[in-house]
Amino acid sequence: MIFRFWDFAYLQKEAEKIISLLNIVPGFQVAEIGAGTGELAEILAKKVGPTGFVFATEYDEKKLEKILKRIKKHRLTNFQTVLSKGQGNNLPEKQFDAILMKKVFHHFSDPKLELGSFYEYLKPDGKLLIADFEPKWYLKYSAPKNIPKSFGGHGIFKRVLIGEVLAAGFVLEQLDEKFSAGGMYCAVFIKK
């Protein structure tokens, strides 16, 4: 129970930072890639209001079911889930003001493909926020399968992440090296 409290406390702080970094306002169209059980996406749906919309992608069908229960429980009508099997995440194209992901990018086996999709999904001047962590030696044996060696193991080096995203045509707007607990950093990019 105590861990749940800390998770919630960190989530609230992270959500506030994300909303600020992405300048999210009512009416925004937002996608969260790898939404887990949907807590952050729920906060975002409340922020964008009835004129905005949030898409939450998840590849784990059990987590997707939890998100759907959350939507029903909170009567969110501006929220849609998307079952993702990678390869572009199955989002509708060219409509998003912002796309974000937290502790997800280091799982991509084909980052160029994913970043190309995100670039297409974003409106001009749309923002891409990626929060992730540097590889840790103690996570060495739990690294996701089929990821590029340049990522460094379980996690991704900041310089590698930034290089991948810049190569996809984005412009780095901001880097927060102390985004959250656990050594998480956050980079915000703009589609130009």
Side-chain angles (χ1 to χ4, degrees), residues 1-60 63-64 66-71 73-76 78-81 84 89 96-108 118 122 126-136 138-139 142 144 151-152 154-162 165 170 172-190:
M1 188 63 157
I2 203 160
F3 291 113
R4 195 71 191 125
F5 171 77
W6 284 112
D7 285 349
F8 179 75
Y10 280 118
L11 175 67
Q12 288 297 118
K13 288 181 181 179
E14 291 170 0
E16 289 170 14
K17 283 186 174 183
I18 288 168
I19 288 166
S20 175
L21 289 167
L22 294 175
N23 303 316
I24 294 175
V25 295
F28 258 42
Q29 305 292 306
V30 179
E32 182 184 7
I33 309 302
T37 55
E39 291 99 339
L40 177 58
E42 176 191 341
I43 293 168
L44 296 172
K46 290 174 181 175
K47 180 66 179 177
V48 301
T51 59
F53 209 85
V54 172
F55 286 82
T57 74
E58 183 54 57
Y59 74 94
D60 182 329
K63 287 182 180 177
L64 203 62
K66 289 182 180 181
I67 297 172
L68 290 170
K69 285 180 185 176
R70 179 176 297 283
I71 292 169
K73 178 182 174 184
H74 296 283
R75 296 184 178 110
L76 298 171
N78 63 342
F79 194 115
Q80 181 178 334
T81 58
S84 171
N89 289 284
F96 294 100
D97 297 291
I99 296 175
L100 63 114
M101 64 196 81
K102 190 175 84 168
K103 296 191 273 189
V104 171
F105 193 89
H106 70 266
H107 289 272
F108 291 156
F118 300 146
L122 282 168
K127 293 186 180 187
L128 173 65
L129 181 145
I130 303 173
D132 222 311
F133 56 90
E134 297 267 339
K136 312 255 190 284
Y138 54 85
L139 296 174
S142 66
F151 284 15
H154 197 153
I156 182 169
F157 295 114
K158 283 185 287 267
R159 63 176 166 70
V160 173
L161 180 131
I162 291 169
V165 182
F170 290 91
L172 179 64
E173 179 184 61
Q174 187 172 356
L175 175 64
D176 181 349
E177 297 196 48
K178 295 182 181 182
F179 173 71
S180 190
M184 215 181 336
Y185 62 88
C186 176
V188 180
F189 302 88
I190 299 177

Test side-chain contact (heavy atoms from CB on, under 4.5 Å) applied to Q80 and I71, step by step: CA-CA 8 Å; Q80 181 178 334; I71 292 169; over 6 Å; no
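- The nearest pair of heavy atoms linking G152 to F157 is CA-CE1, 3.5 Å.
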Before you tell me yes or no, could you show the steps for I130 and I156 under side-chain contact (heavy atoms from CB on, under 4.5 Å), namely the whole-Å CA-CA distance, both residues' side-chain angles and the distance that decides it to 0.1 Å? CA-CA 11 Å; I130 303 173; I156 182 169; over 6 Å; no
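- Here the straight-line distance linking atom CG of L172 with atom CG of L128 works out to 10.5 Å at 0.5 Å rounding.
- Within 6.0 Å of the NZ atom in K69, the count of heavy atoms belonging to other residues, nucleotides or ligands does not exceed 12.
- Using a 4.5 Å heavy-atom threshold, the side chains of V30 and K47 count as separate.
- Within 6.0 Å of NZ on K17 lie more than 12 heavy atoms contributed by other residues, nucleotides or ligands.
- Between E39 and R70, at least one side-chain N (NZ, or NE/NH1/NH2) sits under 4.0 Å from a carboxylate O, which counts as a salt bridge.
- One finds the CG atom of L122 at 4.0 Å from the CD1 atom of I99 (value rounded to the nearest 0.5 Å).
- Between V48 and D97, every side-chain heavy-atom pair lies at or beyond the 4.5 Å cut-off.
- The CG atom of L76 sits 10.0 Å away from the CZ atom of F53 when rounded to the nearest 0.5 Å.
- Counting only heavy atoms from C-beta outward, the side chains of I19 and L44 approach each other to under 4.5 Å.
- When all heavy atoms are compared, the tightest approach of L11 to K102 is CD1-NZ, 4.2 Å.
- Ring geometry, H154 versus H106: the interplanar angle falls from 30° to 60°, so the pair is classed tilted.
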Using the side-chain contact (heavy atoms from CB on, under 4.5 Å) rule, take K66 and E58 through it: C-alpha gap first, then chi angles, then the decisive distance, then the call. CA-CA 11 Å; K66 289 182 180 181; E58 183 54 57; over 6 Å; no
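- The ring of F96 has its center closer than 6.0 angstrom to the ring center of F55.
- Summarising the geometry of I67 relative to A35, their closest heavy-atom pair is CD1-CB, 4.0 Å, with the distance given to 0.1 Å.
- D132 has its side chain within reach of Y185: a pair of non-hydrogen atoms, C-beta onward, lies under 4.5 Å apart.
- A distance of 10.0 Å separates CD of E32 from CG of L129, quoted to the nearest 0.5 Å.
- When all heavy atoms are compared, the tightest approach of D176 to F179 is OD1-N, 3.4 Å.
- When every heavy atom of G52 is checked against every heavy atom of N78, the shortest pair comes out as O-CB, 3.2 Å.
- The aromatic rings of F189 and F170 lie perpendicular to each other, with more than 60° between the two planes, well past the 30° mark.
- Considering all non-hydrogen atoms of both residues, L175 and A187 come closest at CD1-CB, 4.0 Å.
- Crowding of K158 atom NZ: a count of heavy atoms from other residues, nucleotides or ligands under 6.0 Å exceeding 12.
- Rounded to the nearest 0.5 angstrom, L22 CG and I190 CD1 are separated by 10.0 Å.
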Walk me through whether L40 and L100 qualify under side-chain contact (heavy atoms from CB on, under 4.5 Å). CA-CA 10 Å; L40 177 58; L100 63 114; 3.7 Å; yes
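- Atom CE in M101 sits 11.0 Å away from atom CD1 in I18 (nearest 0.5 Å).
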